[in-house]
Amino acid sequence: MKRVPLLMAVLTTVLLAACGVPAQDDPHPVDLPRRPLTASSDAEATASSPPGEVAHVLCLVRGDRLVQIVRRARVYPSVQEQLDELVAGPTRTESESGLSTALAGLVVTASAAPGSRIAVEAAEIDEGSGRSNEILAYGQVVCTLTARADVSAVSFTRAGRHLDVPRADGILTGEPLRASDYVSLLGPA
């Protein structure tokens, strides 16, 4: 009877040792694919986005949903460069797949706030611009910027004054916003 527990312990030890993946002591380079992470094939990736060195996220709009897409660039864009890309909207290929922006023509500028928060100065929305969903517009900015490793939250100002903006649930808040405030609006790419 004492042999069975001893045999089980030996077998368990042998099996655990055989299943393990040996750890490496030294770091080693990993080659990542040079295509958008959302592309389903190399041909599609080549057609939609030229190869680059780094990937960054933009949050665009499809219907009434926010969609996170990945773009590649030679260097990681600054916060302002990323906002400018967001306002410029989708590329032709992205537009053909049904993506748009709720920020077209809007002027937004970013400045650093204490503790990896970004303050975004948003111009007054023109009533004749055709924009009907401010929630998607603010969600685009928040989800794009908080996808960055160096941004934890976004707050908004207008003419230098603090601005209360809607979360996904429609409730106005003056608190710094995170992607989690708009998660119910995120749809599949």
Side-chain angles (χ1 to χ4, degrees), residues 32 36-38 49 52-91 94-95 97-189:
L32 297 176
L37 300 177
T38 56
S49 179
E53 296 300 320
V54 296
H56 63 280
V57 173
L58 287 182
C59 194
L60 296 173
V61 175
R62 180 180 288 129
D64 61 351
R65 309 296 287 175
L66 297 172
V67 177
Q68 291 181 316
I69 58 124
V70 176
R71 287 191 183 166
R72 297 191 83 60
R74 292 275 172 220
V75 297
Y76 199 75
S78 69
V79 170
Q80 188 60 52
E81 289 168 337
Q82 205 164 1
L83 279 175
D84 293 343
E85 275 189 71
L86 192 60
V87 171
T91 63
E94 293 163 349
S95 186
S97 72
L99 295 171
S100 65
T101 182
L103 297 167
L106 188 66
V107 176
V108 290
T109 54
S111 61
S116 73
R117 280 193 0 235
I118 296 294
V120 173
E121 174 74 18
E124 186 73 38
I125 294 178
D126 179 15
E127 294 300 323
S129 69
R131 281 186 208 86
S132 61
N133 196 337
E134 287 185 329
I135 293 173
L136 287 175
Y138 291 115
Q140 275 189 266
V141 172
V142 171
C143 291
T144 295
L145 295 183
T146 58
R148 299 173 59 95
D150 59 346
V151 176
S152 64
V154 178
S155 59
F156 292 88
T157 59
R158 180 167 295 139
R161 297 175 59 154
H162 185 71
L163 184 63
D164 287 346
V165 300
R167 298 182 315 203
D169 58 11
I171 296 174
L172 292 176
T173 182
E175 295 295 315
L177 296 161
R178 292 163 181 75
S180 60
D181 292 307
Y182 297 94
V183 73
S184 64
L185 294 177
L186 286 173

Quiz prompt | Heavy-atom pair of closest approach, residues T146 and L177 | solution = CG2-O, 4.1 Å
Quiz item: If every non-hydrogen atom of V75 is compared with every non-hydrogen atom of V54, which pair is closest and at what distance?
Solution: C-CG2, 3.5 Å
Donor-acceptor list for residues 178-185 side chains, cut-off 3.5 Å, not counting sequence neighbours:
unit_1 : atom_1 : unit_2 : atom_2 : d
R178   : NH1    : P176   : O      : 3.4
D181   : OD2    : R178   : N      : 2.8
Y182   : OH     : P166   : O      : 2.7

Quiz item: What pair of heavy atoms forms the shortest contact from V57 to A147, and how long is it?
Solution: CB-CB, 3.7 Å
Practice problem: Mind listing the closest non-hydrogen atom pair of G160 and E121 along with its distance? | Solution: N-OE1, 3.3 Å
Self-check item: Check: Q140/T101 side-chain N/O donor and acceptor closer than 3.5 Å
Solution: yes
Quiz prompt | Within residues 78-91 or reaching into it, pairs that qualify as salt bridge (charged side-chain N to carboxylate O under 4.0 Å, His left out) - sequence neighbours excluded | solution = R71-E85
Quiz item: Is T144 reaching over with its side chain to a backbone N or O of C59, donor-acceptor style, under 3.5 angstrom?
Solution: yes
Quiz item: Who pairs with S97 by side-chain contact (heavy atoms from CB on, under 4.5 Å), at least two apart in sequence or on another chain?
Solution: R62, L99
Quiz item: Backbone N or O of L58 within a donor-acceptor pair of the Q82 side chain at under 3.5 Å?
Solution: no
Exercise. Just jot down the salt bridge (charged side-chain N to carboxylate O under 4.0 Å, His left out) partners of D169, sequence neighbours excluded, or say none.
Key: R167
Quiz item: Does CD in E175 sit with more than 12 non-hydrogen atoms of other residues, nucleotides or ligands closer than 6.0 Å?
Solution: no
Practice problem: Check whether any side-chain N or O of R65 sits under 3.5 Å from a backbone N or O of L186 as a donor-acceptor pair, and report yes or no. | Solution: yes
Quiz item: Shortest non-hydrogen contact from I118 to A110?
Solution: CG2-CB, 3.8 Å
Self-check item: Exercise: identify the closest heavy-atom pair between R148 and P77
Solution: NH1-O, 2.8 Å
Quiz prompt | Listed partners of D164 passing salt bridge (charged side-chain N to carboxylate O under 4.0 Å, His left out), at least two apart | solution = none
Self-check item: Sequence neighbours excluded - ring-ring contact (aromatic ring centres under 6.0 Å, His included) pairs with any residue from residues 149-181
Solution: Y138-F156
Exercise. Give the C-alpha distance, both sets of side-chain angles, the deciding distance and a yes or no for side-chain contact (heavy atoms from CB on, under 4.5 Å) between L60 and L86.
Key: CA-CA 7 Å; L60 296 173; L86 192 60; 4.2 Å; yes
Quiz item: Does N133 reach the side chain of V61, with side-chain heavy atoms less than 4.5 Å apart?
Solution: no
